[in-house]
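Take a look at the structure set out below.
Quick caveat, the model's predicted, so the values are computed rather than measured. In listed order, ligands and their atoms are each counted from 1.
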Amino acid sequence: MFPLADRIKLVSESITLAVSAKANAMKKAGVDVVGFGAGEPDFDTPVFIKEAAKVALDKGQTKYTPTPCLPELKQAIAEKFNRDNSLAYTAEQITTGAGGKHCLYMAFMAVLNPGDEVILPSPYWVSYPEQIKLAGGTPKVVRGEEANSFKITPKHLERAIGPRTKAFLINSPSNPSGVAYTPEELEALAEIIAQHPKIVVFSDEIYEKLVYDGLKFVSFATLHPSLLDRTLTFNCHSKSFAMTGWRIGYVGGPKAAIDAMNKLQSQMTSHITSFTQIPAATALQDPKGAESVEQMRRQFEKRGRHMWERLSKLPKITCVRPNGAFYCFPNVSAYFGKAAGGSNITDAITFAAALLEQNHVAVVPGTDSGFDTHVRLSFATSLEQIDKGIDRIEQFLKKLG
Ligand SMILES: Cc1ncc(COP(=O)(O)O)c(C=O)c1O
């Protein structure tokens, strides 16, 4: 046995990985699997951003840069926060990381002490609890009920606050629920946080551009005058610009927190890849950036409506209508206790495994998101694939009866 550190035991083995590994193996073996599992846009990165990367390479932007990033990118991000989000961050209040994920991890490491609690609404993105635990903190899960569109209420939030509460994490629009809070609902939560001046807020806004049904996106830190100085606002290029593989995330917040994150990063990764930095600034500054995002958003809106309409018509399935991100999160628990093709369905994992095995549709069980009654379907795929996949799910459910 190789002598590993105890902290490795803190991180849970992803139970959903088995399902995605199986889907990949089936695809490799030539099985026509309909994939609703991917958490990334199916579009390619807009051409003007790729061109900017080629120019950066040709200009020799291949050397070390400052830890936060090049000043041009820092400035472009600060301007973006000011312009799009009414967040008055200066360039010194910005840093970048290898995707939104790395920014969040650095922030937990910079903010949490052992025993600190982070209030985490569920269903949640799978990495939050693991990152919180790695940083010595404890996730305090507050359940967002399906009957309330998976949103927590001010009462829920108030009840969860205790002497050990260090931070409140809000992710709207949410992965995996596909639900975004309205500005009024967020304001009501902000009112509660405002009464607890020691609580720090982590606002994960990476799906801000992907909102539907005319919903207005607002940044959490703008909702009460006391919040700007204790909120970290996370964003990235991954979802809005279809740049998941580029690993560009960024965060704005109080200078002391940003400096602490830079201190950590300077001893870890140093900085994000040099020749992605000017292209990342170009994406935020060139009007073509906003145009491409809007084009993709419109497609996602159409697909999301279609997927939700079809899911809602399936027998015994309930599904909250998504108004953000690119996920539907239907409740499949009415089928627990049933069996088909030799598989007993007892939870979201066995449901997903049997659906994949028997009808060749890949979905993500909600188990790692705190909901083992639900599965996540991504609508970042074509309308044809959506129809084909839902037809297959329909056949699968018929077998279960
Ligand atoms: C809610 C949420 N936050 C953060 C991330 C991380 O994004 P990135 O790919 O930029 O690391 C994801 C990715 O799926 C996400 O869904």
Give the atoms of ligand 1, by number and element, whose distance to some non-hydrogen atom of Ser238 is under 4.0 Å. 8 (P), 9 (O), 10 (O)
When you compare ligand 1 with Thr244, is there at least one nitrogen or oxygen pair between them that comes in under 3.5 angstrom? no
Checking the N or O distance criterion of under 3.5 Å, is ligand 1 in contact with Asn175? yes
Ligand 1 to Asn171, heavy atom cutoff 4.0 Å, flagged ligand atoms 1 (C)
For Phe234 and ligand 1, answer yes if some heavy atom of the residue is under 4.0 Å from a ligand atom, otherwise no. no
Under 4.0 Å from a heavy atom of Gly99: give me the atoms of ligand 1 that qualify, with their elements. 10 (O), 11 (O)
With ring-ring contact (aromatic ring centres under 6.0 Å, His included) as the test, pick out the partner of Phe202 among Tyr105, Phe168, Phe108. Phe108
Atom 3 (N) of ligand 1 [closest protein heavy-atom partner, distance rounded to 0.1 Å]: Asp204 OD2, 2.6 Å
Does the side chain of Lys338 come under 3.5 Å of the side chain of Asn344 through a donor N or O and an acceptor N or O? no
Could you note down all residue pairs passing ring pair (Phe, Tyr, Trp, His ring centres under 6.0 Å) where residues 281-310 supplies at least one of them, sequence neighbours left out? Phe43-Phe300, Phe300-Phe326
Verify whether one side chain among Trp246 and Thr45 offers a donor that lies under 3.5 Å from an acceptor in the other. yes
Taking only residues two or more places apart in sequence or in another chain, which ones pass side chain to side chain donor-acceptor pair (under 3.5 Å) with Glu185? Lys151, Thr182
Does any N/O atom on Tyr327 come nearer than 3.5 Å to any N/O atom on ligand 1? no
Atom 15 (C) of ligand 1 - nearest protein heavy atom and its distance: Ile206 CD1, 3.4 Å
For this output row, return yes or no: ring centroids of Phe329 and Phe150 closer than 6.0 angstrom. yes
Any donor-acceptor pair under 3.5 Å from Glu205 side chain to Ser219 backbone: no
Are the aromatic rings of Phe351 and His374 close, with centres under 6.0 Å apart? no
Are any of the N/O atoms on Gly39, whether in the backbone or the side chain, positioned under 3.5 angstrom from an N/O atom of ligand 1? no
Looking at atom 13 (C) of ligand 1, what's its closest protein heavy atom, distance included? Lys239 NZ, 3.1 Å
Nearest non-hydrogen protein atom to atom 9 (O) of ligand 1, with distance, is Arg247 NH1, 3.0 Å
Dump the intermediate steps for side-chain contact (heavy atoms from CB on, under 4.5 Å) on Ile386 and Phe379, then the final yes or no. CA-CA 7 Å; Ile386 291 172; Phe379 49 81; 4.1 Å; yes
Ligand-side contact atoms (ligand 1) for residue partner Cys236, heavy atom cut-off under 4.0 Å: 10 (O)
